[in-house]
Trainee: 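For reference, the structure I am asking about is given below.
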Amino acid sequence: QVQLVESGGGLVQAGGSLRLSCAASRIVFSIHAMGWYRQAPGKERELVAVISSGSNTYYADSVKGRSNISRDNAKSTLYLQMNSLKPEDTAMYYCAASRIYSKIYSTPDYWGQGTQVTVSE
């Protein structure tokens, strides 16, 4: 069974930084598009960033310029570096994987359990 395990979340002050990680197992990581989603309390899950198998990237406007998504295929690990964090970045962050690139934007094949990010004033 495919596993996506997120880590790196926590409590940080506004203006701070965090690096989220997602370790994948039982998956041919290198051929999958990968993404980060987030869901704040009372809000719908939203796409944060995507990286294709060829390392092309996409960012939501809300994090563009403040975040960097990357992948290490040798370690089957996805990363999200988040800088200049704001209270509105507070959410549960989920890792997602999709064999078909277009599906990562809507209906990924696999999801992780999430890691909580809380940004204080």
Side-chain angles (χ1 to χ4, degrees):
Q1 187 174 354
V2 173
Q3 284 191 320
L4 301 175
V5 181
E6 301 94 335
S7 61
L11 174 64
V12 63
Q13 287 189 325
S17 298
L18 281 176
R19 188 194 195 199
L20 307 184
S21 299
C22 170
S25 59
R26 303 186 183 93
I27 188 175
V28 184
F29 182 80
S30 62
I31 64 172
H32 281 73
M34 301 296 297
W36 288 98
Y37 282 76
R38 68 185 181 187
Q39 187 168 19
K43 294 188 177 181
E44 292 187 355
R45 190 175 295 190
E46 64 173 351
L47 179 63
V48 175
V50 166
I51 186 166
S52 71
S53 58
S55 293
N56 294 312
T57 58
Y58 161 85
Y59 297 93
D61 287 343
S62 57
V63 302
K64 194 176 295 181
R66 301 188 294 122
S67 298
N68 183 66
I69 187 171
S70 61
R71 63 192 298 160
D72 185 334
N73 289 338
K75 295 182 178 179
S76 295
T77 301
L78 176 72
Y79 303 99
L80 182 68
Q81 176 70 42
M82 302 180 66
N83 303 317
S84 302
L85 283 162
K86 306 174 181 179
E88 50 262 45
D89 294 318
T90 295
M92 185 71 78
Y93 282 72
Y94 298 91
C95 171
S98 177
R99 178 63 184 91
I100 298 173
Y101 177 69
S102 60
K103 287 184 63 180
I104 197 67
Y105 291 90
S106 57
T107 53
D109 299 325
Y110 309 107
W111 291 95
Q113 294 299 306
T115 185
Q116 178 68 38
V117 172
T118 303
V119 183
S120 63
E121 298 279 358

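Side-chain atoms are counted along with the backbone in the values below, which use heavy atoms only and exclude waters and symmetry mates. In this chain, residues are counted from 1 in sequence order.
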Trainee: Are V50 and L80 grouped together when hydrophobic residues (ILVMFWY) are joined by side-chain heavy atoms under 4.5 angstrom apart?
Mentor: no
Trainee: Can you measure from OG (S67) to CZ (R19) and round to the nearest 0.5 angstrom?
Mentor: 13.5 Å
Trainee: Taking all heavy atoms of G112 and all of Y94, pick out the closest pair and write down the distance.
Mentor: O-CD2, 3.6 Å
Trainee: Can you get from Y59 to Y93 by hopping between Ile, Leu, Val, Met, Phe, Trp and Tyr side chains that sit under 4.5 Å apart?
Mentor: yes
Trainee: Same cluster for I69 and V117 if Ile/Leu/Val/Met/Phe/Trp/Tyr side chains link at under 4.5 Å?
Mentor: yes
Trainee: Determine yes or no for a side-chain-to-main-chain donor-acceptor pair under 3.5 angstrom, with R71 supplying the side chain and S52 the backbone.
Mentor: yes
Trainee: For the pair R38 and S62, evaluate side-chain contact (heavy atoms from CB on, under 4.5 Å) and give the outcome as yes or no after the intermediate values.
Mentor: CA-CA 12 Å; R38 68 185 181 187; S62 57; 3.3 Å; yes
Trainee: So which atom in S84 and which in S17 form the shortest heavy-atom distance, rounded to 0.1 Å?
Mentor: N-OG, 4.3 Å
Trainee: Side-chain contact, heavy-atom cut-off 4.5 Å: R99 with I31?
Mentor: yes
Trainee: I would like to know whether K64 and D61 meet salt bridge (Lys or Arg N to Asp or Glu O under 4.0 Å); could you show each step before the answer?
Mentor: CA-CA 5 Å; K64 194 176 295 181; D61 287 343; 3.2 Å; yes
Trainee: Strictly distance-based, threshold 3.5 Å: is any side-chain N or O of T90 a donor or acceptor partner for the main-chain N or O of V119?
Mentor: yes
Trainee: So, does E6 use its side chain to make a donor-acceptor pair with the main chain of T115 at under 3.5 Å?
Mentor: no
Trainee: Can you measure from CZ (R66) to CG (N83) and round to the nearest 0.5 angstrom?
Mentor: 9.0 Å
Trainee: Can any side-chain N or O of N68 pair as donor or acceptor with the backbone N or O of Q81 at less than 3.5 Å?
Mentor: no
Trainee: Is there a continuous path of hydrophobic side-chain contacts, each under 4.5 Å between heavy atoms, that joins V12 to M92?
Mentor: no
Trainee: Which pair of heavy atoms, one from A14 and one from P87, lies closest together, and at what distance?
Mentor: CB-CD, 4.1 Å
Trainee: Heavy-atom count check: over 12 atoms from other residues, nucleotides or ligands less than 6.0 Å from E88 CD?
Mentor: yes
Trainee: Using every non-hydrogen atom in the two residues, find where L85 and M82 come nearest and quote the distance to one decimal.
Mentor: CD2-CE, 3.5 Å
Trainee: Can you get from L20 to Y79 by hopping between Ile, Leu, Val, Met, Phe, Trp and Tyr side chains that sit under 4.5 Å apart?
Mentor: no
Trainee: Report the distance from atom CD1 of I100 to atom NE2 of H32, rounding to the nearest 0.5 Å.
Mentor: 9.5 Å
Trainee: From C22 SG over to L4 CG, what is the distance, rounded to the nearest 0.5 angstrom?
Mentor: 4.5 Å
Trainee: What closest approach, in Å, do A23 and T77 show between heavy atoms, and which atom pair accounts for it?
Mentor: CA-OG1, 4.2 Å
Trainee: Atom CE of M34 and atom OG of S55: how far apart are they, to the nearest 0.5 Å?
Mentor: 12.0 Å
Trainee: Taking the side chain as every heavy atom from C-beta outward, state whether R26 and Y110 have any atom pair closer than 4.5 Å.
Mentor: no
Trainee: Could you check Y105, Y101, W36 and say which one makes a ring-ring contact (aromatic ring centres under 6.0 Å, His included) with Y58?
Mentor: Y105
Trainee: To check you understand the geometry: which heavy-atom pair defines the closest contact between S30 and S53, and what is its length?
Mentor: O-CB, 3.3 Å
Trainee: Can you establish whether the number of heavy atoms outside Q39 located under 6.0 Å from its atom CD is more than 12?
Mentor: yes
Trainee: Kindly compute the distance separating CG (L11) from OG (S120), expressed to the nearest 0.5 Å.
Mentor: 5.0 Å
